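Below: one structure, written as structure tokens.
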Amino acid sequence: MAAVAGISQSSISRAVATVSSVLSDRAEQFITFPSSEDDRSRVAQELQRLCGLPNAAGLVGSSRVRIKAPLEDGFVFLNSQKYHSVHCQMVCDAHGNLLNVENHWPGSLADADIWEMSSICQQFRGGRHGDSWLIGPPFATKTALTRGGMDSTRPLTVCCGIWHQDVSSRSFKSSLKTRFQCLNHLGGNQKYTPARATQIINACCVLHNIAQKFSVGLPGEPLSEQAPRDVPQGVVMPDPEMLITRQKLINTHFNTALQQSQEPFQD
């Protein structure tokens, strides 16, 4: 990347650190879980049209992002597939917009353990999101919520089998990692600390939601003709020809360089 941009690797590293820090600090502005009943209802209606399950406020899934072995406590980040990683838990809606991201977990932790310790699980357990639930993998359906002093319990999540696997794969692994190919292997040339890797992942998630808002397609996809959702009045939309030219520049000068610096792996 430094050779393509015509600047030193140290300058590239400083730029990445600055930009990712700024974007990461603003994650709460761009990645928000529906807090009101009306907002949750809108998300639930779209999910119900896809899978037939009512009252679901989102879909929870996880993905690992490979990193270089940390100098300290490297064994904590060594996952069951024998590579070092940061473990990310994410919640999205029916369109793939990220509603909640927790990516500070070491790769050695199992999905079920992360779910139990996650803030979103505690929020549902405390009744913060009313009677809604999340669509999730089998491990998450084991958690039950006791309402008030009643003996009855209900699951915080409901498993939807193949449908959940398909949507979570497209949202977390395919879409996010296709749009930001650096997530296929952070630290290919630079040995990022887990904290810095988490910052970069947060930045990518923020940019993903911004791209979703303005209907920016994935690399290699034709530009969407769909009008951007919730575009503020007075915002001038970029010229389509300019977008096509920009995408060609990205494909020519950046995607190739990223692919050459990455090592293939299975998530």
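The model shown is predicted, which means the values in this text are computed figures rather than measured ones. Position 1 is the first residue of the sequence; numbering continues from there. Worth knowing before you read on, the calculation uses all heavy atoms, side chains too, and leaves out hydrogens, waters and symmetry mates.
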Check against side chain to side chain contact (heavy atoms under 4.5 Å, CB included), Ser108 and Val76: CA-CA 6 Å; Ser108 62; Val76 178; 4.0 Å; yes
Non-hydrogen side-chain atoms of [X] and [Y] separated by less than 4.5 Å:
X	Y	result
His87	Asp111	yes
Arg125	Gln122	yes
Leu134	Trp115	yes
Ile210	Phe30	yes
Cys205	Asn209	no
Cys204	Leu207	no
Met90	Ser63	no

Test side chain to side chain contact (heavy atoms under 4.5 Å, CB included) applied to Arg42 and Asp93, step by step: CA-CA 10 Å; Arg42 281 192 288 270; Asp93 63 12; over 6 Å; no
Nearest heavy atoms of [X] and [Y], plus distance in Å:
X	Y	value
Ile67	Ala197	CG2-CB, 3.9 Å
Arg179	Ala211	NH1-CB, 3.4 Å
Asn184	Arg66	O-CB, 4.1 Å
Glu102	Ser119	OE2-OG, 2.6 Å
Arg40	Gly130	NH2-N, 4.3 Å
Lys177	Val65	CE-CG2, 4.4 Å

Pairing residues for Ser80 by the side-chain contact (heavy atoms from CB on, under 4.5 Å) criterion, not counting sequence neighbours: none
Full working for side chain to side chain contact (heavy atoms under 4.5 Å, CB included) between Leu23 and Asn202: CA-CA 7 Å; Leu23 289 172; Asn202 267 340; over 6 Å; no
Atom CD of Glu37: over 12 foreign heavy atoms under 6.0 Å: no
Same apolar cluster (I L V M F W Y, side chains within < 4.5 Å links), Leu109/Phe75: no
Single-linkage hydrophobic cluster Met117~Phe77, side-chain heavy atoms < 4.5 angstrom: no
Approximate separation, where rounding is to 0.5 Å, of [X] [atom1] and [Y] [atom2]:
X	Y	atom1	atom2	result
Leu99	Cys92	CG	SG	7.0 Å
Leu47	Arg49	CG	CZ	9.5 Å
Trp105	Asp113	CH2	CG	9.5 Å
Ser175	His208	OG	NE2	4.5 Å
Lys68	Leu186	NZ	CG	11.5 Å
Ile114	His104	CD1	NE2	8.5 Å

Main-chain N/O of Gln89 paired with Ser62 side-chain donor or acceptor, under 3.5 Å: no
Test item: Thr198 side-chain N/O and Pro194 main-chain N/O as donor-acceptor pair under 3.5 Å: yes
Parallel, tilted or perpendicular: ring planes of Phe33 versus Phe124, cut at 30 and 60 degrees: perpendicular
No-hydrogen, no-angle side-chain donor-acceptor test under 3.5 Å, Gln212 and His95: no
Connected hydrophobic set around Val22, excluding itself, where side chains approach under 4.5 Å: none
